[in-house]
Amino acid sequence: MTTATRQGTAFDRVIEALERDGRTVKRNGPGQAQAQCPAHDDNNPSLSITDRDDRALVYCHAGCDTDRVLDALNLDPRDLFDKPKGLGHVSGLLSHAIYNYPDGRIAGRSADKKFRQSGNTKGRSLYFGQTSTGKPLGPESLDGHERVYFVEGEEDVKTVRFRGEAAVCNAQGAGKSHLADLTPLSGKKVIVVADKDEPGRKHAAQVVEHLGGIAATTSVVEALEGKDVTDHVAAGHSLDELRDASGVLGGMHPEADEGGIPDSTGLTDACRYLDVALLLDGGLPEPPTPTVCKRSDGVGLFYLGHYNVVVGDPESGKTLLTDFATVEQLGEGGRVLRLDLDHNGPQSTISRLIDFGANEDALRDSTRFRYVEPEDRNQLAAIVEDAKDWQPTLVVLDSIGELLPLHGAGSNDSDEFTAVHRLVIKPLAAAGACVVGIDHLSKGLDSRKFGPTGTVAKRRVISGSCIRVTVDAAFTPDKGGSAFLAINKDRHGGLRRASPSGDKEPSAGKFVILGGQHFITAPMSDEKNPGEHAPPADVAAITALDPPPASAKEARERLKWRDERARQAFKDWKKGTTR
Ligand SMILES: [Zn+2]
């Protein structure tokens, strides 16, 4: 990187503008900074700024459009380029990026994403990137690279090369891969990065098809955040964090179609074992951290891009907790979809959100907030399809129990739940949303201990966290209330690491509504899950028994307690005496 020698870079320009605007800016190293976003009310530093050699990449994790961020800083899209006055004209278009192809094609791109072609426009060469002086790279740039990223545009090629990997794209963007000479990809492991829109996915499917018989293997991935690999890198993610997107192409697996087991020479390839050396070369990706529904210490309960669950008895505050998350996301510039399958009704939901301090303009804005009571599976399918483009940051499913009946399925069948998960929940999470499903506890004690009602499948598909909510002080409209939060499941461990250890279901804090305030307290480092421990007074009552009881049954009889209470208190007392 040449940050030190370049003068007046776009990166410096953006940092200066942020500081001038009074935003907190934290430099994470050369060419990488984190700042408060100027386009939304930002308590966290949600804005990532990355120096990509010839331009700055800007990304708001709360979902603000880059144009809005620039607007708030009185900057222009041109200011994201080191040379804001442009590099020159291509077919009359003032271009801030000029891409030189090895066969003489020249593509120009203006700051506001207009494209023009000149030079050898009949050429069939791929774009491989170029040197800092503009000299085009050719097929030899793939030498020594076993894997090659196939992306949608020239900017994305430059982004991937900036991260030290080989990349190509065909000329003129989506839908034109049939015009390109793909033979330089012969024998390569090609990772196709699909842009997260309809043309992007279609393009990726076509590229995979055209690479059949040329590439050694193909796989399809997509950005974890944002629309394309440049957004993904701008958001601070490594290339290894691009996530599998073969599912969004409609289950298209070109490699699986060949049929039969190949002979022994091709067998290891066919097994597709993980290349651990390659993974380590690329650096192990950081596990995801929970960022949605934040406690007072800034740690979230739920994960973006994953399916999370809130489980608890009726009236325990599950829906209120998702209301809290809704208001938080709207406040951070996010987009929220509320799927009211229980038919709680819009009036009660909306008025609660306003009570919780939701911005009314955000609620009125249908690009920010959508509420729906789906009546049948077709309507739900349309909503899921629409969400792929709209890309909500938070989806609340209230409740999971109603999803199966809507699909005409029984509530306890494993296969049926897996199918509904694939149709509804998975695509929503794959679109980048933090999906939070509300699940009511069932009656039987075994399933209460186990967590969400019903099947093993229901729990297995939770790819984020499952939070158990238990009433502390019952919620009333005028006085508020509070609820204990416990970690029933945490797939990535990000929440567990920030919570006390020792309990089977560690405390994740307390959700409190008090005097018009709504917040989640973080647990003390030695806090116990009250659901797993007897109150100190109960333990004291057992300690006071003389002679000491020999069993929980004896304690129950002498103190005339309920079975469960005596068992828990006896257990805790016993633990205390043997320590
Ligand atoms: Zn923002």
Side-chain angles (χ1 to χ4, degrees), residues 10-11 13-28 32-52 55-80 111-113 196 223-237 288-294 298-300 302-305 324-337 353 356-370 387 389-395 431-434:
F11 179 77
R13 201 176 298 139
V14 174
I15 299 289
E16 276 161 27
L18 282 162
E19 284 171 343
R20 210 182 312 129
D21 200 47
R23 307 289 158 177
T24 307
V25 180
K26 209 177 106 223
R27 286 172 192 267
N28 302 333
Q32 181 65 56
Q34 202 71 26
Q36 281 177 304
C37 173
H40 78 268
D41 189 11
D42 194 8
N43 296 321
N44 309 299
S46 302
L47 193 72
S48 294
I49 310 103
T50 308
D51 183 6
R52 205 208 60 188
R55 60 169 295 186
L57 304 177
V58 167
Y59 189 86
C60 171
H61 293 268
C64 296
D65 199 64
T66 300
D67 284 345
R68 262 178 58 202
V69 174
L70 294 173
D71 233 31
L73 294 173
N74 283 319
L75 293 177
D76 194 82
R78 286 172 297 189
D79 290 315
L80 287 180
D112 55 354
K113 298 186 185 173
K196 278 155 75 179
L224 204 56
E225 282 186 81
K227 176 170 172 269
D228 53 30
V229 70
T230 298
D231 282 348
H232 175 88
V233 167
H237 297 293
T289 52
T291 54
V292 177
C293 203
K294 282 184 269 297
V299 176
F302 307 123
Y303 293 84
L304 269 178
F324 176 82
T326 299
V327 173
E328 170 199 85
Q329 287 301 303
L330 290 176
E332 292 184 2
R335 297 171 295 280
V336 181
L337 171 62
L353 292 174
F356 272 42
N359 182 320
E360 257 195 71
D361 289 339
L363 292 175
R364 285 172 189 276
D365 183 349
S366 66
T367 67
R368 302 282 314 282
F369 179 75
R370 293 178 186 176
D389 275 334
W390 183 49
Q391 299 193 341
T393 47
L394 173 68
V395 177
C434 168

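Ligands are counted one by one from 1 in listed order, and the atoms in each one are counted from 1 as well.
- Heavy-atom minimum distance, Asp228 versus Ala223: O-CB, 3.5 Å.
- Considering the Zn ion (ligand 1) as centre, the angle to SG of Cys60 and to SG of Cys37 is 110° (10° rounding).
- Take Arg23 and apply the side-chain hydrogen bond (donor to acceptor under 3.5 Å, both in side chains) test, not counting sequence neighbours, and it matches Asp21.
- None of the N, O or S atoms belonging to His61 lies under 2.8 Å away from the Zn ion (ligand 1).
- With sequence neighbours excluded, no residue forms a side-chain hydrogen bond (donor to acceptor under 3.5 Å, both in side chains) with Thr66.
- Taking NZ of Lys294 as the start and CZ of Phe302 as the end, the distance is 12.0 Å to the nearest 0.5 Å.
- The N, O or S atom of His40 lying closest to the Zn ion (ligand 1) is ND1.
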